[in-house]
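Following: one structure in structure tokens, then a few remarks.
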Amino acid sequence: EETSWRLYLDDIRTPKSNDFVIVRSVDEAKQLIKQKGFPSYMSLDHDLGEDVPTGYDFVKWIVSEYMDKDLPQFEFNIHSANPVGAENMRGLLNNFIKKKI
């Protein structure tokens, strides 16, 4: 398991910094975490295309997956242009982190 890596979840955009591992779907993001361990930093989008899981679905997966496991220290950014989706993601992640501390 790698100790420090950065995840960028977005179906279209590419980060300005090139130290991210870019994934275009929730399934890709889940697979990567299963392979590499939990990222030290995540930048997440909400809307990932038509009729596909959203960034919020990914955050819900993190919560269910790590409910009974140790959650490593990490930071996150929600870079979505969808204000409601972004707020839902931010709220769920922040509440989850508070519970785990």
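Remember, predicted model here, so these are calculated numbers, not experimental data.
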Q) With distance as the sole test, does Asn95 use its side chain to make a donor-acceptor pair with the main-chain N or O of Leu92 at under 3.5 Å? A) no
Q. Do side-chain atoms of Lys99 reach the backbone of Met67 as a donor and acceptor pair under 3.5 angstrom?
A. no
Q: Could you tell me which non-hydrogen atom of Pro53 sits nearest to which non-hydrogen atom of Leu48, and how far apart they are?
A: O-CD1, 3.5 Å
Q: Using a 4.5 Å cut-off on heavy atoms from C-beta on, say whether the side chain of Val21 contacts that of Lys36.
A: yes
Q.
Does any part of the side chain of Val23, heavy atoms only, come nearer than 4.5 Å to the side chain of Tyr8, both counted from C-beta?
A. no
**Q.** Side-chain heavy atoms of Pro39 within contact of Phe74, under 4.5 Å
**A.** no
**Q.** Closest heavy-atom pair and its distance - Ser80, His46
**A.** OG-CB, 3.3 Å
Show me, pair by pair, the donor-acceptor contacts under 3.5 angstrom made by side chains of residues 59-66, not counting sequence neighbours?
| from | atom 1 | to | atom 2 | distance (Å) |
| --- | --- | --- | --- | --- |
| Ser64 | OG | Trp61 | O | 3.1 |
| Glu65 | OE2 | Lys69 | NZ | 3.2 |

Q.
Restricting to side-chain hydrogen bond (donor to acceptor under 3.5 Å, both in side chains), what partner residues turn up for Asp10, sequence neighbours left out?
A. Arg13, His79
Q: Can you see which heavy atom on Leu9 is nearest to which on Gly55, and at what distance?
A: CD2-CA, 4.4 Å
Q) About how many Å separate CD1 of Ile22 and CG of Leu32, when rounded to the nearest 0.5 Å? A) 11.5 Å
(Q) Between Tyr41 and Phe76, does the ring-ring contact (aromatic ring centres under 6.0 Å, His included) criterion hold? Intermediate values first, please. (A) CA-CA 5 Å; Tyr41 184 87; Phe76 71 91; 8.5 Å; no
Q | Closest contact, heavy atoms only, Phe58 versus Ala29 | A | CE1-CB, 3.5 Å
Q: Find the distance between CD1 (Ile78) and CE (Met89) and round it off to the nearest 0.5 Å.
A: 4.0 Å
Q | Pairs touching residues 14-33 that satisfy salt bridge (Lys or Arg N to Asp or Glu O under 4.0 Å), sequence neighbours left out | A | Arg6-Asp19
Q: State, with a plain yes or no, whether a side-chain heavy atom of Thr14 is found less than 4.5 Å away from one of Phe20.
A: no
Q | Exercise: identify the closest heavy-atom pair between Asp11 and Gly49 | A | OD2-N, 3.4 Å
Q: For Asn88 and Tyr56, work out which heavy atoms get closest and say how close.
A: O-CE1, 3.5 Å
